[in-house]
Amino acid sequence: MLTVHAAPLVLPVGAAGIADGAVAVDGDRIVALGPYDGVTAAHPAARVRQWPGVLTPGLRQWDGVALLTRCYHPDPREADELGEQPLTGADFERLAGRMDEPRRAGSVRRGLQRMLRHGTTHVAGAFTDPAVRTAVGRAGLTVVPPVGGPAGGPDLDPFAGGRDLAAAAHGPLAVGGRADLAVFDVPDEAALCAAGARTCVATVLGGRLVHRRR
């Protein structure tokens, strides 16, 4: 179904922001990008989704391998014992020795879900573990080479370390390109970079709405 995603500000990356902008999506492709009135006039039969804040390209997660293979993402039922944040370093190592495959697979699935909740559509890394590679493929994330990734510890937020939108996004929005989008409940790019991807309210992956904050 043809869908128009609209927001008070669309930030395509590599081009000027569009106030009261919209992106029209047909299948997994962007078919129009511009001011809301023009996009909806060109596609009058489209379903319209109105979002708050800013609409951007989907984000690229540089720390994918570490987040999925060297972190443990607790099950909500483990929150009292382990907390809610990913376990890394020594905490992960203590747990890793007694993890069976189902528990490890559950952590990977939750890690991927948390990436989607942070607006991630692309993940950098060479996933040599077949189970992890399969899980990433099933989630629909695009795998990109890790070359050029920034240094630092793993973080679910692609804006961590002071990255701006151009550095955090997978690439610019463009007509004909894959419909990988993210929406954040902030007023502008400066606020987005300051608050980070935790403000994500929606993620569109290949035209599919895969995350929507309730």
Heavy atoms only: give me the nearest [X]-[Y] pair and the separation to one decimal.
{"X": "Val4", "Y": "Ala22", "answer": "CG1-CB, 3.7 Å"}
{"X": "Ala7", "Y": "Val54", "answer": "CB-C, 4.5 Å"}
{"X": "Thr203", "Y": "Gly119", "answer": "OG1-CA, 3.4 Å"}
{"X": "Val186", "Y": "Ala191", "answer": "CB-CB, 4.0 Å"}

What residues, two or more places apart in sequence or in another chain, satisfy side-chain hydrogen bond (donor to acceptor under 3.5 Å, both in side chains) together with [X]?
{"X": "His211", "result": "none"}
{"X": "Arg49", "result": "none"}
{"X": "Arg47", "result": "Thr3"}
{"X": "Arg77", "result": "Asp75"}

Hey, could you give me each pair passing ring-ring contact (aromatic ring centres under 6.0 Å, His included) that has a residue in residues 21-48? Not counting sequence neighbours.
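Listed once each, the pairs would be none.
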Apply the hydrophobic cluster definition, ILVMFWY joined by side-chain contacts under 4.5 Å directly or through others, and give me every member besides Val204.
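Result for Val204 is Val10, Ile18, Val23, Val25, Ile30, Leu33, Trp51, Leu55, Leu173, Val175, Leu181, Val183, Val201, Leu209.
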Got a sec, which pairs hit salt bridge (Lys or Arg N to Asp or Glu O under 4.0 Å) with one end in residues 11-37, sequence neighbours left out?
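Applying salt bridge (Lys or Arg N to Asp or Glu O under 4.0 Å) to every pair that reaches into residues 11-37, excluding sequence neighbours, yields nothing.
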Going by salt bridge (Lys or Arg N to Asp or Glu O under 4.0 Å), name the pairs with one or both residues in residues 183-212, residues two or more places apart or in two chains.
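As it turns out, there is no salt bridge (Lys or Arg N to Asp or Glu O under 4.0 Å) pair with a partner in residues 183-212 once direct neighbours are skipped.
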Under 4.5 Å between side-chain heavy atoms, hopping through other hydrophobics if needed: is there a path connecting Leu165 to Trp62?
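No, no single cluster joins them.
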Pairs of donor and acceptor atoms involving the side chains of residues 124-135, under 3.5 Å and at least two apart or interchain, shall be tabulated with distances.
unit_1	atom_1	unit_2	atom_2	d
Asp129	OD1	Ala131	N	2.8
Asp129	OD1	Val132	N	3.3
Asp129	OD2	Arg104	NH1	3.4
Asp129	OD2	Arg104	NH2	2.4
Arg133	NH1	Phe127	O	2.8
Arg133	NH1	Thr128	O	3.4
Thr134	OG1	Pro130	O	2.9

Tell me every residue that passes side-chain contact (heavy atoms from CB on, under 4.5 Å) with Ala194, counting only those two or more places apart in sequence or in another chain.
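Result, side-chain contact (heavy atoms from CB on, under 4.5 Å) vs Ala194: none returned.
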Sequence neighbours left out, what passes side-chain contact (heavy atoms from CB on, under 4.5 Å) with Ala197? Give chain and number order.
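Partners of Ala197 under the side-chain contact (heavy atoms from CB on, under 4.5 Å) test: Leu59, His118, Asp157, Pro158, Phe159, Phe184.
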Determine which pairs satisfy side-chain hydrogen bond (donor to acceptor under 3.5 Å, both in side chains) with at least one residue from residues 169-179, sequence neighbours left out, and list them in order.
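Applying side-chain hydrogen bond (donor to acceptor under 3.5 Å, both in side chains) to every pair that reaches into residues 169-179, excluding sequence neighbours, yields Arg178-Asp180.
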When you measure from the side chain of Ser107 to the backbone N and O of His73, does any donor-acceptor pair fall under 3.5 Å?
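Side chain of Ser107 to backbone of His73, a donor-acceptor pair under 3.5 Å: yes, one is there.
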